[in-house]
Amino acid sequence: MPAVLVERAQNPAHGDYSVSLPLKLAKTLHRAPMAIATELSTAMALPPSLGRIALAPPGFINITLEPAWLQAQLALIAGAGEQWGRNDLGGSQRVQVEFVSANPTGPLLFSHARGAVVGDVAARILEASGFDVQREYYLNDKGRQIRLFGESIQARMLNLPIPEDGYSGEYVGEIAARAAAEGISPEPSTLSELGIEWVQRSVREDLARLRISHDHLFLESSLYAGWDQETMRKLRDLGRIEEKDGAVWFKTSGEKDEVLIKRDGYPTYFWSDILYHRDKFEKRGFNRVVDVWGADHQGQVGRVKEALAVLGIEPFRLTVLLVQLVSVKRGEETVRMSRRAGVGVSLKEMLDDVGPDAVRYFFLLRSADAQMEFDVDLARRQSSENPVYYAQYAHARLANVLTFGAGTRAEPALARLDSEWELELMRVMLRWPDVVREAAEAIEPHRLAFFTDELAAAIHRFYKNCRVVTDDAPLTAARLLLSSAARLTIANALGLMGVSAPDRM
RNA sequence: GCCCCCUUAGCUCAGUGGAUCAGAGCGGGUGCCUUCUAAGCACUAGGUCGCAGGUUCGAAUCCUGCAGGGGGCACCA
């Protein structure tokens, strides 16, 4: 028995909803699809006030919503306020979204911002869908990179050569200068602490400008206060641990095993990942966890999930969003961001250049799993070509007209909202709750941006073709109600994306 | 060699089983401001949806193979 019963009609000419079940049942029932459609449609007993049913070959049942029903929704939408579009998919399940989590050895690059925006909006979507969400930042505050970071600062303080694979950015000099000014002794461990503090402040500032903040900071070092030994014992009991060549290995079910603790005594990132994720599920009891990682970490997904399975945690509870690379296009020049190569544009620079709204909206106009090119010249333009302004302008126009018509006192003549533009606008905005729910189910933030763009188009067409404030008070009142519902819808959509919805532009 | 993502209009990208679905934005072309913001609207693009097979009543959408781009496959992070 096919599961999907009612879906959105793909073509507006076919109505609002479409049922293709007859086509799916035809084979198993050995009956003509149209005959099944006829039978099903009579059994559906759709209230006539809601919509009407039509059959279409080769076996579709189409449902078209009645204008009166659409019109009656406006007051409900306008009255729902911030609740409009929210759903209860999550049923208060606890879900953690972990994102950004870059090594604390340097300021954020623009490429980090993509994951930051995707993670933040994923969190917002899940919140709007009834999940109890925690935003977590994971801080790698131990390990080789941290030691190198401290040594690099020390080298700058003492005018020594920077160690091999060390950090050479300008900010390292700034940190060294500050340490010197405060009379801090040039010990690498002290200096790395100071450096992390400095970097974290910079990261928080950049993220704040992007309207992102986390609920919880998790220190990697906290995993090594007993939890590591406890987990190691458990894996040992499960027969998954082997000591070989001076290192500690995790025995996988596949060809090659994985090192957990290196010969030099340092843990691998894999080991930290295991401890960290076990902590999330077992110690802190999250029902689900969403991690936002760069695409270059793709290879770790499988082995982390395998380790979770070994520890008795169903792997499906962990969703890893792999965010693909970003390149930055300025004029004719394209810069590919690469962490390895150490080239890249800083987030701060881009925020200064194009502002948070454009950064957020542009990232959301691409699905996370597609590599993207960020067109700086387009994002920077304070004019019509810029998609951000298109959506914000739709909101500003409605806000303006609502102010302009605020004195209207009349019973809205809802039935007169019957032009193609008015009905189209109602149909688009009524999709909003489905968009939120589907974005939550798929964890695909970009769906919000594509919906917003469609909604903005419907708003602009309505505005162009239907004068709102006129001498005709009942019609004016009706159109103001429509404007109010539409303004609320696009405000909520922009709000879920963390993009501002200005009243004036 | 193996694994993951991508390959759709000049450019950047949506759409991942359904019926005029071959789309949007940008760029290019042409119209539209005496009335609530023209940061807008209306027309205008002929792209074998990388290629070849397969499954299906039906494939951009699923399967297989191949090609191209990117990312992984370390006792690196």
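Residue numbers start from 1 in every chain, and the chains themselves are labelled A, B, ... in the order their sequence lines are given, proteins ahead of strands. All of these numbers come straight from a predicted model, not from anything done at the bench.
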I want to check one thing: is the phosphate of [N], taken as OP1 and OP2, less than 4.0 Å away from some side-chain N or O of [X]?
{"X": "A:K262", "N": "B:C76", "result": "yes"}
{"X": "A:Y390", "N": "B:C41", "result": "yes"}
{"X": "A:K464", "N": "B:A39", "result": "no"}
{"X": "A:R144", "N": "B:A77", "result": "yes"}

Practice task
Compare the minimum distances between each of B:C41, B:A77, B:C75 and the side chain of A:Y269, then state the nucleotide with the smallest one.
Solution key: B:A77
Practice task
Measure from the side chain of A:R366, starting at C-beta and using heavy atoms only, and say which of B:C76, B:G71, B:A14 lies closest.
Solution key: B:A14
Problem - Ring-base stacking, A:H460 with B:A39 (5.5 Å, 30° cut-offs) - result: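 It does not: the ring fails the test against the base of B:A39.
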Exercise for the section: Kindly confirm whether the side-chain ring of A:F450 is stacked on the base of B:A14, judged by centres under 5.5 Å and planes under 30°. Expected result: no
Practice task
Report yes if the distance between the aromatic ring centroids of A:Y389 and A:Y361 is under 6.0 Å, otherwise no.
Solution key: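 Centroid distance A:Y389-A:Y361: not below 6.0 Å, so no.
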Exercise for the section: Before accepting this row, confirm whether a basic side-chain N of the pair A:R144/A:D264 lies closer than 4.0 Å to the acidic partner's carboxylate O. Expected result: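 Result for this pair is no, no salt bridge flagged.
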Practice task
Tell which nucleotide pairs with B:A45, taking only Watson-Crick or G-U wobble pairs whose two distances are both under 3.5 angstrom.
Solution key: none
Practice task
Could you check how far CD of A:E444 sits from C1' of B:U16, rounded to whole Å?
Solution key: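 Result: 10 Å.
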Practice task
Determine the interatomic distance between C1' on B:U44 and the same-named atom on B:G50; round to the nearest Å.
Solution key: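 Result for the C1' pair: 28 Å, nearest Å.
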